[in-house]
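What you see below is based on every heavy atom in this structure, not just the backbone, and it leaves out hydrogens, waters and symmetry mates. Every chain is numbered from 1, with letters handed out A, B, ... down the list of sequences.
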There are 2 protein chains.
Amino acid sequence: MANRRASITDLAKALNLSASTISRALSDHADVSEATKQRVRQLAEELHYQPNQLAAALRRGRSNTLGVLVPHITGHFFPEVVNGIAVEASKAGYNVMIFQSNEDVQQEKKNLELLMNAQVEGILVSLANTTQDFAHFDAVRGQGVPLVFFDRVVEGFDGPNVGTVVLDDYQGAYQVVSHLIEQGCSRIAHFTGPLHLNIHRNRHQGYLDALTAHGMPIEQELIAFCEMNLKGGKQAMRSLLKLPAGQRPDAVFSSNDLAAVGAMQVAKERRLRVPDDVAIVGFSNEVFTSLTEPMLSSVDQRCERMGKTAVQLLQGLLDTRKLRGSRQIMLKPELLVRESSLRRPEPTKPRKKR
Amino acid sequence: MANRRASITDLAKALNLSASTISRALSDHADVSEATKQRVRQLAEELHYQPNQLAAALRRGRSNTLGVLVPHITGHFFPEVVNGIAVEASKAGYNVMIFQSNEDVQQEKKNLELLMNAQVEGILVSLANTTQDFAHFDAVRGQGVPLVFFDRVVEGFDGPNVGTVVLDDYQGAYQVVSHLIEQGCSRIAHFTGPLHLNIHRNRHQGYLDALTAHGMPIEQELIAFCEMNLKGGKQAMRSLLKLPAGQRPDAVFSSNDLAAVGAMQVAKERRLRVPDDVAIVGFSNEVFTSLTEPMLSSVDQRCERMGKTAVQLLQGLLDTRKLRGSRQIMLKPELLVRESSLRRPEPTKPRKKR
DNA sequence: CTGAAAGCGCTAACAG
DNA sequence: CTGTTAGCGCTTTCAG
């Protein structure tokens with residue numbers, strides 16, 4: 001039963017041909033007679049011949065494999081991005097090897113080595129949040145293996161075979177605030193996480209700049225540094241509602257969706273109407289944004305697009321002739337206006353709704 | 001810059017040793033002097049030597065890689081299971097190669113071949129929902145590569161190197177219904193998807209048997225065949241609430257969480273109190289179950305456990321000496337009682353709450 | 001159109 | 001303790 005897998009040599013013997021001819025026939029090389037190809041293909045079929053990728057890769061010096069290293073493989077964001085990567089890689093004929101760092105630099109380092117050992121032709125990576133030292137990536141760069149960072153990138157880590165793909169968080173936040181102003185909101189609160197994380201810093205800056213651009217004041221009391229989860233959002237909202245009557249917010253822009261849901265729950269429990277009394281917008285377009293009542297407006301992070309873009313960029317780095325445009329790519333986010341922030345049935349500028 | 005990667009031969013030349021000694025030193029073989037090991041290790045470090053996994057695997061005839069094939073890599077369930085697989089595989093020193101079939105038999109077949117070509121030592125697979133013909137798995141089995149099906153399994157596809165891991169959906173449903181009865185519910189409705197899918201069939205059967213076991217009648221009008229999404233759940237709930245006053249349900253057990261949320265939304269819109277007027281329980285323990293108000297009770301599918309178990313089973317198939325127990329494993333689900341079905345502050349039998 | 005020969009980088013007998 | 005030899009399965013010159 002457990003037959004040794006048929007090899008090219010086996011086929012060669014059986015057909016009284018040389019291994020080279022078999023190899024050529026199987027790869028549909030031009031200088032093999034059609035007749036021979038037929039015979040080879042048929043026997044290969046019968047014996048369930050499966051080429052040994054390992055041997056081919058070793059010989060060719062090309063593994064046909066890309067490596068992916070993400071903080072985790074669960075949740076909403078990364079699986080979507082990895083999906084984009086897988087789709088695009090597969091289209092280009094690459095296999096994909098995936099590892100997760102579990103947000104731990106040590107594992108990141110170890111997995112990076114595993115990927116190198118596996119002779120991957122390029123690596124797509126999103127940094128663990130504890131990563132401060134980038135020596136392990138230097139090694140990769142030094143070996144000439146192209147590297148594309150996505151979402152969580154190393155600032156100032158550059159090279160001819162290094163690229164980055166990120167979302168324009170600043171732009172996303174800016175759009176959100178502009179939209180809220182357009183909806184007639186004048187006291188827009190902001191929930192943010194720690195500003196040493198670039199996602200929060202950029203969203204925060206977009207918030208500030210959008211207010212300023214629209215001639216609106218920035219009020220520190222409307223900016224809440226909170227844990228970006230349900231509980232944190234609830235707490236932040238409760239604090240805001242303790243402000244004197246005229247100073248309470250009529251809108252909340254949360255740097256993520258979970259805290260936005262917290263805000264919504266508190267608003268509802270206080271009998272505030274959403275969006276009429278308080279409009280609410282989150283960030284990330286999580287699955288549950290369509291399950292809240294009202295449905296939560298959010299900013300889509302173009303996860304799949306990010307994955308695909310990262311692979312395309314990597315292909316550009318692998319074959320410089322293909323490289324179009326910059327090695328630093330910033331994706332435009334998409335504001336999805338749902339019920340939680342739409343006061344008028346038809347907004348001034350019609351926007352996409354999902 | 002892009003130096004050719006250092007090889008064992010390079011180290012050998014540099015140190016005036018043979019390749020075999022280098023190889024042995026690097027793998028910390030006992031018959032190499034400690035002094036030599038030191039020298040080798042140091043030079044390897046300096047030259048950033050990385051073993052070529054491809055060559056080693058080819059030579060050894062062992063790739064140290066497991067293959068995973070799932071319908072998709074996104075959503076909640078599969079990433080969690082894959083995570084379990086990755087963790088357990090990594091613990092056992094295996095790398096993991098992941099493919100998705102996108103619910104398409106053709107891709108499933110193609111990816112299965114890719115995994116075989118990559119010389120994976122075992123394959124973990126969850127079937128595409130269109131898969132009816134299993135010839136492509138026969139090929140795998142024929143080559144002696146162990147196969148573990150998880151969640152979506154082939155019934156009646158067996159062999160010495162084939163195993164399965166599934167969740168006991170029947171048991172989960174049975175627990176839910178028992179719990180609802182315990183909470184004083186007497187008219188328990190059931191939302192189900194098409195019964196040709198084993199998950200729904202088994203949950204449905206669990207529902208029926210639990211009612212019978214508690215001496216309660218089965219009422220067809222309380223069983224709703226609906227689309228298992230938000231909209232389907234809403235529609236089903238609306239229909240149920242159109243029943244004459246005495247015949248309306250005082251509980252809903254939905255075969256998934258999404259439809260359960262639909263039911264909850266309709267209940268709330270009709271000013272019914274959850275859980276007092278209608279208790280609601282879903283299935284799958286999706287992330288959003290903790291975001292509804294009240295929080296939705298559900299059945300946890302032990303995703304990570306499933307992944308880990310699948311790998312352990314695979315290890316058993318790889319090394320029969322390690323095989324403990326059956327090749328057909330059924331995991332016990334865990335009922336998570338949250339607010340949506342908990343009428344009394346403390347239930348008769350205390351249960352876990354998350 | 002086909003074959004012979006060499007070798008990718010590593011490991012594992014076997015011999016000293 | 002170390003070296004020699006051979007070969008995993010495949011591809012790719014180079015010859016015919």
Side-chain angles (χ1 to χ4, degrees), chain A residues 3-41 43-44 47-65 113-114 116-121 143 145, chain B residues 3-41 43-44 47-65 113-114 116-121 143 145:
Chain A
N3 298 313
R4 196 173 61 68
R5 284 132 110 142
S7 71
I8 282 202
T9 320
D10 298 335
L11 298 189
K13 280 185 194 145
L15 294 177
N16 252 319
L17 286 169
S18 72
S20 4
T21 303
I22 305 291
S23 172
R24 282 189 282 244
L26 290 172
S27 49
D28 203 21
H29 196 93
D31 2 291
V32 176
S33 73
E34 201 46 51
T36 310
K37 281 184 189 170
Q38 286 302 338
R39 293 171 59 213
V40 173
R41 284 200 269 251
L43 185 67
L47 300 186
H48 298 110
Y49 168 75
Q50 302 275 148
N52 184 329
Q53 186 65 212
L54 257 40
L58 177 59
R59 175 58 233 244
R60 272 201 278 248
R62 293 204 44 201
S63 67
N64 243 268
T65 302
E113 281 174 10
L114 288 175
M116 292 300 285
N117 295 353
Q119 309 295 112
V120 295
E121 298 184 33
Q143 310 257 12
V145 174
Chain B
N3 298 314
R4 196 173 61 68
R5 285 132 110 141
S7 70
I8 282 200
T9 320
D10 298 335
L11 298 189
K13 281 184 194 143
L15 293 177
N16 254 319
L17 286 169
S18 72
S20 8
T21 303
I22 306 291
S23 172
R24 282 188 282 244
L26 290 172
S27 50
D28 203 22
H29 195 94
D31 0 294
V32 176
S33 74
E34 201 46 50
T36 310
K37 282 185 191 171
Q38 286 302 337
R39 291 172 60 213
V40 173
R41 283 200 270 251
L43 186 66
L47 300 187
H48 298 110
Y49 167 76
Q50 302 275 150
N52 184 331
Q53 184 67 211
L54 257 38
L58 176 61
R59 174 60 235 243
R60 272 200 279 246
R62 292 204 46 201
S63 66
N64 243 268
T65 302
E113 281 175 10
L114 288 174
M116 293 300 285
N117 296 353
Q119 310 295 111
V120 295
E121 297 183 35
Q143 311 257 13
V145 174

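- When rounded to the nearest whole Å, the span between CD of A:Glu34 and C1' of C:dC1 equals 13 Å.
- Among the heavy atoms of the strands lying under 4.0 Å from A:Leu58 is at least one base atom, whether or not backbone atoms are also near.
- Look at B:Tyr49 and you won't find any side-chain N or O under 4.0 angstrom from OP1 or OP2 of C:dG9.
- Taking 4.5 Å as the limit, every side-chain heavy atom of A:Thr65 sits out of range of all side-chain heavy atoms of A:Glu121.
- Between the P atom of C:dA4 and the NZ atom of A:Lys13 lies a distance of 13 Å, rounded to the nearest Å.
- Proximity of A:Gln53 to A:Asn64: side-chain heavy atoms (C-beta onward) are separated by under 4.5 Å at one or more points.
- Within the 4.5 Å cutoff, the side chain of A:Arg5 has heavy atoms near those of the B:Gln119 side chain.
- For the side chain to side chain contact (heavy atoms under 4.5 Å, CB included) with B:Arg24, the lone residue among B:Thr36, B:Val32, B:Val40 that qualifies is B:Val32.
- Taking atom CG of residue A:Leu11 and atom C1' of nucleotide C:dG3, one finds them 16 Å apart after rounding to whole Å.
- Nucleotide C:dC8 holds its P atom 16 Å from the CZ atom of B:Arg5, rounded to whole Å.
- Distances shorter than 4.0 Å separate none of the side-chain N or O atoms of B:Ser7 from OP1 or OP2 on C:dC8.
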Walk me through it: do B:Ser18 and B:Thr21 pass the test side-chain hydrogen bond (donor to acceptor under 3.5 Å, both in side chains)?
-> CA-CA 5 Å; B:Ser18 72; B:Thr21 303; 3.1 Å; yes
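- Here the P atom of nucleotide D:dT2 and the CG atom of B:Leu26 are 13 Å apart, to the nearest Å.
- Looking at A:Leu54 and A:Leu58, their side chains never come closer than 4.5 Å, going by heavy atoms from C-beta outward.
- Atoms CG (B:Asp31) and C1' (D:dG3) sit 13 Å apart, rounded to a whole Å.
- Here B:Leu54 lies out of heavy-atom contact (under 4.0 Å) with every strand.
- Straight-line distance from the NE2 atom of B:His29 to the P atom of C:dC10: 18 Å, rounded to whole Å.
- When the side-chain nitrogen and oxygen atoms of B:Thr36 are compared with OP1 and OP2 of D:dC1, none of them lie within a distance under 4.0 Å.
- Heavy atoms of A:Asn52 sit under 4.0 angstrom from primed sugar atoms or phosphate atoms, though from no base atom.
- When side chains are defined from C-beta on, A:Tyr49 counts as touching A:Ile8, because their heavy atoms get closer than 4.5 Å.
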Look for any protein N or O under 3.5 Å of an N or O in nucleotides 12-15 of chain D and output each such pair with its distance, or none.
{"from": "D:dT12", "atom 1": "O4'", "to": "A:Arg59", "atom 2": "NH2", "distance (Å)": "3.4"}

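- As judged by a 4.0 angstrom heavy-atom cut-off over every strand, A:Asn16 is placed among residues touching the sugar-phosphate backbone only.
- Nucleotide C:dC10 holds its C1' atom 15 Å from the CZ atom of B:Arg62, rounded to whole Å.
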